[in-house]
There are 2 protein chains.
Amino acid sequence: MSYQIELRHFTYFLAVAEELHFRKAAERLFISQPGLSTQIKQMEAILGVQLFERDKKKVALTAAGSFLKGEIEFIMNHLQQTKKQLKLIDKGHLGEIRIGFLGSAMQKVIPDLLLKLKDRFPKVHTSLEELSNHAQVNALLKDKLDIGFVRLARVPKGLDHQTVYEDTFSLVVPMDSHIDGSNFKGVHQFAENDFILFSQDYSSLYFDTVMSICEDANFSPKVSHKSVHALTIFKLVENGLGVSIVPTALQYGFKMQVQFIELKTIKQRAILSVAWKADNRNPVLKQCLNLLLGR
Amino acid sequence: MSYQIELRHFTYFLAVAEELHFRKAAERLFISQPGLSTQIKQMEAILGVQLFERDKKKVALTAAGSFLKGEIEFIMNHLQQTKKQLKLIDKGHLGEIRIGFLGSAMQKVIPDLLLKLKDRFPKVHTSLEELSNHAQVNALLKDKLDIGFVRLARVPKGLDHQTVYEDTFSLVVPMDSHIDGSNFKGVHQFAENDFILFSQDYSSLYFDTVMSICEDANFSPKVSHKSVHALTIFKLVENGLGVSIVPTALQYGFKMQVQFIELKTIKQRAILSVAWKADNRNPVLKQCLNLLLGR
DNA sequence: AGCATTTAATAAGTATGAGTTATCAGATTG
DNA sequence: CAATCTGATAACTCATACTTATTAAATGCT
């Protein structure tokens, strides 16, 4: 004799409670009437409570049985709903993804991703955090982040990465600069200017790339200021404290009195990568990568 | 191959989800490890969703599994409570209500409620448990509690709440304090004292409110001790280790050698709320809310 | 490196009990 | 008082939830 209620008992109970007739209920359940009778009897024994009043000619719920009917209906409905949600989560249609990014990804790549997510997976929640390359790598490894938008030549073991956006670089000069788009010949024209750049520890790949751009133009830039915020850099340029070289995408999204001169001819590109932990099992991550890498 | 999930699967799943170790879980369930493995595998097959990530050396929940754990905990708790209620109804009692509370609700609100319940519904059983705000919220969501007495600015989705008692705050000072009710001018007189307060994670609203009281008096209190027990706080005050600010209601019910100075003039109030799960179907809960909110 | 000890999964056998059919006893109906 | 309902009981069977024995792979220890 089993002494544990099972869900089977619940479906049997509901059938009898609705039909109030053992034979009809048994038919509905595609089992025999004696089998149903014994199961209900067993259920009453396990619960220690009489659920049905069987008079030889009619079946009725007791007060306890009537209460139990409501509760079992609730539980079965809840269970059904849970199963549905479970499938959605498994397929990545429901859940959360934690995104880290460099400020320069906020101009185009992140909004694009968020719009696509909203469209295809409207029930997925996102949490966004602006972080340096280094902080993102750490957060990814510690599973505090699911996906990071970084500028890195390589990523540590355990992480995967893929390029998502290749941008040209642009010179950023004040509005009143005597060199502008019309008479611009090359970066070498700014060999004597002060440079304002993103800090090396915010993105060393960026820093090294800018250095190589200047090297190719046969000069070594005087770096007067470093910052981790694009806004700060533009403000300094606006006030005539120097010039800068940044990914072109940054020209959108800031209301600044500065000019952008796109460096179309140089070979260097500002490469934005997406990075994630190789063994991250968040199903939403997979969907995100599909959206980002178009696969 | 069975095509129907059973409650057995749920208890097995919970054991593995908690232990994250098949052999240990099997031991706890008093069954063999291979039996447990096949049952879990079967469960995954029936649901069509992978619940565990088995690496030869570690077991982890998937996103779907983690979600299911919470839902199954809810269902199992609800079921347990249903069984209890069923027995009570069978015996002609109305039912049971599980009450959680902060210690400071025990002075007036809880005794009032219990007296009214005893009067109007003498056959209703109550179970009482003193818990932190956070623990109460969790227990309510998982259906381990029907009603909670908390101090919270807001409650998570799924819970409803209502103010049941607004109390003034009182300063608690030693009997031999040179400042007492007769020469008390304001909280600022204690700017240099050590403060002993309820822990932030016991009730963050309380903590923040006390901080704002001190801010309004233009000082930031030195908090030398934190506790989750009113008795401890009073003991420390009694021994001259500092002063405290607590809801006035706490002055009744403890036999302590301390003075209460009621802060009638300040605007802050200690607000006690009652919280419950919006879709809780316990009929006694409705009656309780009627009694508490006078409707 | 290599041996001992983990882990979970697989294979094969067993025995419990959910289901079956056959039957019964009591109630209702013509 | 047959005929025909009802749900309960008895005896049997077969599916399957378990068991034990074993495997393959990973980790730890010397």
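Every heavy atom of this structure was used, including side-chain atoms; hydrogens, water molecules and symmetry mates were not. Naming: A, B, ... by sequence-line order, numbering from 1 per chain.
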What nucleotide, of [options], holds the atom closest to the side chain of [X]?
X     : options                : answer
A:K41 : D:dT9, D:dT19, D:dC18  : D:dT9
B:Q39 : C:dA18, D:dA17, C:dT20 : D:dA17
A:S37 : C:dT20, D:dG7, C:dA9   : D:dG7
B:Q33 : C:dA9, C:dT21, C:dA18  : C:dA9

**Prompt:** How about A:F74 and B:H78: are their ring centres within less than 6.0 Å of each other?
**Reply:**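 Aromatic pair counts; centres sit under 6.0 Å.
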Rounding to a whole Å, what distance do you find between [X]:[atom1] and [N]:[atom2]?
X     : N      : atom1 : atom2 : result
B:F52 : C:dT7  : CZ    : P     : 16 Å
B:L36 : D:dT20 : CG    : C1'   : 16 Å
B:M43 : D:dA17 : CE    : C1'   : 16 Å
A:E6  : D:dT16 : CD    : P     : 15 Å
B:R8  : D:dT16 : CZ    : P     : 11 Å
B:I40 : C:dA8  : CD1   : P     : 12 Å
B:Q4  : D:dA15 : CD    : P     : 19 Å
B:E44 : C:dA8  : CD    : C1'   : 13 Å

Applying salt bridge (charged side-chain N to carboxylate O under 4.0 Å, His left out), can you list everything that pairs with [X], at least two apart in sequence or on another chain?
X      : value
B:D201 : none
A:E130 : none
B:R28  : B:E18, B:E19
A:R151 : none

**Prompt:** Is the shortest side-chain N/O distance from A:S32 to OP1 or OP2 of C:dT20 below 4.0 Å?
**Reply:**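 Yes, such a contact exists.
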Which side-chain N or O atoms in residues 134-142 of chain A pair as donor and acceptor under 3.5 Å with protein atoms at least two apart or in another chain?
residue: A:Q136; atom: OE1; partner: A:F149; partner atom: N; Å: 2.8
residue: A:Q136; atom: NE2; partner: A:L131; partner atom: O; Å: 3.2
residue: A:Q136; atom: NE2; partner: A:F149; partner atom: O; Å: 3.0

**Message:** Whether the B:R8 and A:Q4 side chains hold a donor-acceptor pair (N or O, under 3.5 Å, no angle test) is what I'd like checked.
**Reply:**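 Result is no, nothing qualifies.
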**Request:** Check whether the side chains of B:T38 and B:Q42 place a donor and an acceptor atom closer than 3.5 Å, and report yes or no.
**Result:**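 B:Q42 and B:T38 do not have a side-chain donor-acceptor pair below 3.5 Å.
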For nucleotides 25-28 of chain D, which of its nitrogen or oxygen atoms have a protein nitrogen or oxygen under 3.5 Å away, and what is each distance?
none

**Message:** What residues from residues 12-23 of chain A pass a heavy-atom cutoff of under 4.0 Å to DNA chain D?
**Reply:**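 Close to the strand are A:H21, A:F22, A:R23.
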**Request:** Write out all pairs satisfying salt bridge (Lys or Arg N to Asp or Glu O under 4.0 Å) with one or both partners inside residues 154-164 of chain A, taking only residues at least two apart or from two chains.
**Result:**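 For residues 154-164 of chain A: none.
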**Item:** Where at least one partner belongs to residues 65-84 of chain A, residue pairs that pass salt bridge (Lys or Arg N to Asp or Glu O under 4.0 Å), sequence neighbours excluded
**Value:**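 Qualifying pairs, neighbours excluded: A:K69-A:E73, A:E71-B:R281.
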**Asked** Who are the ring pair (Phe, Tyr, Trp, His ring centres under 6.0 Å) partners of A:Y165, not counting sequence neighbours?
**Response**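 Here no residue qualifies.
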**Item:** Pairs involving residues 26-61 of chain B, ordered by first then second residue, that meet ring pair (Phe, Tyr, Trp, His ring centres under 6.0 Å) (sequence neighbours left out)
**Value:**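 The answer is B:F13-B:F52.
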**Asked** Taking DNA chain C as the partner, which of residues 58-69 of chain B come within under 4.0 angstrom of it by heavy atom?
**Response**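 By residue number: B:V59.
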